[in-house]
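This report refers to the structure that appears directly beneath it.
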Amino acid sequence: MARILIVEDNAANMKLTVLLVTNAGHTPMCAIDAETGLMLARSDHPDLILMDVQLPGMDGLAATELLKSDPTTASIPVIALTAMAMKDDEKKSQRAGCDAYIAKPLRYRELHQAIDELLAATGEHAPSTTSASDTGPQ
Ligand code: MN
């Protein structure tokens, strides 16, 4: 189980994403704009971030650049969520530092797989939970 920060301004999309994250066995945290998302990322250090690209004010890519340039949040994987399935958007999200990219509408299997892959990749870095270090000999 992971704590997943969802940054999404659209209420219907937020509701769906919360449902998908919860069904996958994870704990959702919600922010409806980039500024709140950045604040929560820094204070609560989620295991992964689902970042809507189109947000009011600061957009999701600018927010991701800030997260990736800040040592306290740089290691948190970010999955960009965009309504525009354009090649250019995918390149932009990679340049901004996003670890993965998913075009909306979200599909459970695709989202679940992307989350699992990124969590597995970062799991090697021994997260600040107690479980990982207690399993093997020192
Ligand atoms: Mn949006």
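This chain uses plain numbering: 1 for the first residue, then up along the sequence. Remember, it's 1-based here, ligands and their atoms both numbered in the order they're listed.
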Criterion side-chain contact (heavy atoms from CB on, under 4.5 Å) against L55, the qualifying member of I32, V7, N10: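 Testing each of I32, V7, N10 against L55, the sole residue satisfying side-chain contact (heavy atoms from CB on, under 4.5 Å) is V7.
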
Heteroatom of D52 nearest to the Mn ion (ligand 1) (N, O or S, atom name):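 The closest N, O or S atom of D52 to the Mn ion (ligand 1) is OD2.
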
Minimum-distance atom from the Mn ion (ligand 1) among N, O or S atoms of D9: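 Considering only N, O and S atoms, D9 comes nearest to the Mn ion (ligand 1) through OD1.
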
Lys/Arg-Asp/Glu bridge criterion (N-O < 4.0 Å) met for D99, K68: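 A salt bridge links D99 with K68.
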
Heteroatom N/O/S of N13 within less than 2.8 Å of the Mn ion (ligand 1):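 Within the cut-off used here (under 2.8 Å), N13 places no N, O or S atom near the Mn ion (ligand 1).
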
H26 side chain vs A2 backbone, donor-acceptor pair below 3.5 Å: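 At least one qualifying donor-acceptor pair exists.
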
Gap separating the CG atom of L19 from the NZ atom of K15, nearest 0.5 angstrom: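 Here the rounded value is 9.0 Å.
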
